[in-house]
There are 2 protein chains.
Amino acid sequence: MSAASTPESPENGRSRRDELLAIAAGLFAERGFKNTTVRDIADAAGILSGSLYHHFDSKESMVDELLDTFQTELWKKYDAIEASDLTPKAKLEAIVRASFEAIGEHRDEVAIFQNDALHLATFERFGYLIERNRKFRTLWTSLLEAGVASGELRADLDVALVYRFVRDTVWVAVRWYRPGGTLTPADVADQYLAILLEGINHG
Amino acid sequence: MSAASTPESPENGRSRRDELLAIAAGLFAERGFKNTTVRDIADAAGILSGSLYHHFDSKESMVDELLDTFQTELWKKYDAIEASDLTPKAKLEAIVRASFEAIGEHRDEVAIFQNDALHLATFERFGYLIERNRKFRTLWTSLLEAGVASGELRADLDVALVYRFVRDTVWVAVRWYRPGGTLTPADVADQYLAILLEGINHG
DNA sequence: GTCTATACGACGATAGAC
DNA sequence: GTCTATCGTCGTATAGAC
């Protein structure tokens, strides 16, 4: 390794390509995929829009790579939790915590997923989003049902409805959560689980 | 009133203008404001894009009218609840119910608000969205604090965090709620309040 | 790896006939 | 109230020089 490594040199592990992808992620997350132009991305990177096409096939392939990479990583954690020997309720808690951690570590990708995935999924190229969504629903509902069956969770709940509430409440936090504030993802997960499990009623 | 009143006649209370606005609302809600073209709206209405401008100044003025009308109506209900003599907790429940009713009655407008308001609010024309948002936060947090003070709600909660969870969970339901199914807005509100107040933990 | 230059379709919006 | 026709702008993407 030589004396000075510039930010875009491969030595520090971040290629120019990765840098551009991160810039695009920030803009997609902030103003939406369709609402972000390739000129916006190029401007933010200090280059001209045509130069982006030296690194990427298209704007679509950028968001594709962002979402696929993120989801593949996230599912490694989910799969490990599912395969563990925790109780159903403990697995649910672990998944909630892993999800809030994902918001902390990959805010942009989660935001893009929340805001644009539904629309993107209508194109064949993004068909894997539908598949992953189904997998997520199956994971959650089966754990909720197992928790009810084992007596850990209340039996009078509409599992399908609880699933939607929990799923949405976890992910929608990306709209207001900002890393670097006083709350760590673990803090948010603790508070959220306290509400979800015990309610806000005075006991 | 004469023999036959066509759908676009004023006799049945719905002008052609209102019809076009409803068509636009459906498209804005489904694919987003920016992602909906004036040609999409015109196509769905069976006319040409230029003809829309006989009824509306611009695409922006359409979404402006939709959001403003909806919010004005909704806030009449919120103001009445706030001014009532219910306990803080009962007021919170009433606001949750009124919000789910709004999803049932004005799905498109709620969806547009959820998906596009943040971005639209950056333009001066939509400044009232920011003001209404602030009003909503004040209403919720003051009721939560009053509920804690009166002993109706748990004292160990981070009110600002609970506010965000509740606000988001209520409105995000517009993503999956479909009127005409087995669940009425009141059913959804009941289940949601059961989770929020008592938690999903077993007894 | 970035530039200059440009193709070309889609966009919001307008003018005036019917 | 809708049509025909069109304007100017901005969108993604490409080709080839440096």
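Atoms considered below: every heavy atom in the structure, side chains included; atoms not considered: hydrogens, waters and symmetry mates. Here is how names work: the chains are called A, B, and so on, in the same order as the sequence lines, proteins then strands, and each is numbered from 1.
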Checking ring pair (Phe, Tyr, Trp, His ring centres under 6.0 Å) for the pair B/F136/B/Y78: CA distance, chi angles, key distance, verdict?
CA-CA 9 Å; B/F136 193 70; B/Y78 285 166; 5.5 Å; yes
Rounded to whole Å, please give me the gap between CD1 in A/I23 and C1' in C/dT2.
14 Å
Does one side chain, of B/T184 or B/D187, offer a donor that lies under 3.5 Å from an acceptor on the other?
yes
Is the closest side-chain donor-acceptor distance between A/D158 and B/Q191 under 3.5 Å?
no
A/L153, A/L139, A/L157 screened by side chain to side chain contact (heavy atoms under 4.5 Å, CB included) with A/L144, the one that passes
A/L153
With the side chain of A/S51 defined as its heavy atoms from C-beta on, choose the nearest nucleotide among D/dT12, C/dG12, C/dT2.
C/dT2
Consider the side chain of B/S49, meaning its heavy atoms from C-beta on, and name the nucleotide among D/dT2, D/dT12, C/dA13 that approaches it most closely.
C/dA13
Between A/R17 and C/dG1, is there a contact of a side-chain N or O with OP1 or OP2 at under 4.0 Å?
no
Would you say the side-chain atoms of B/D64 and B/Y128 include a donor-acceptor pair closer than 3.5 Å?
yes
Atom-pair distance (CZ on A/R39; P on C/dT6), nearest Å
14 Å
Rounded distance (Å) that lies between atom P of C/dA15 and atom CG of B/D57
13 Å
Distance check needed: D/dC10 P versus A/D43 CG, whole Å only.
13 Å
Can you tell which of D/dC10, C/dG12, D/dT4 lies closest to the side chain of B/T37?
C/dG12
Distance, rounded to the nearest Å, where B/R16 contributes CZ and D/dC3 contributes C1':
14 Å
Check the distance between D/dT2's P and B/Y53's OH and give it to me in whole angstrom.
15 Å
Take atom CG of B/N35 and atom P of D/dC10, then tell me their distance rounded to the nearest Å.
19 Å
Measure from NE2 on B/H54 to P on C/dT14 and round the result to the nearest Å.
15 Å
Closest-nucleotide mapping onto DNA chain C: is A/K34 or A/L48 further toward the 5' terminus? I mean the 5' end.
A/L48
Against the side chain of B/I47, the closest entry in D/dT2, D/dT12, C/dC3 is D/dT2
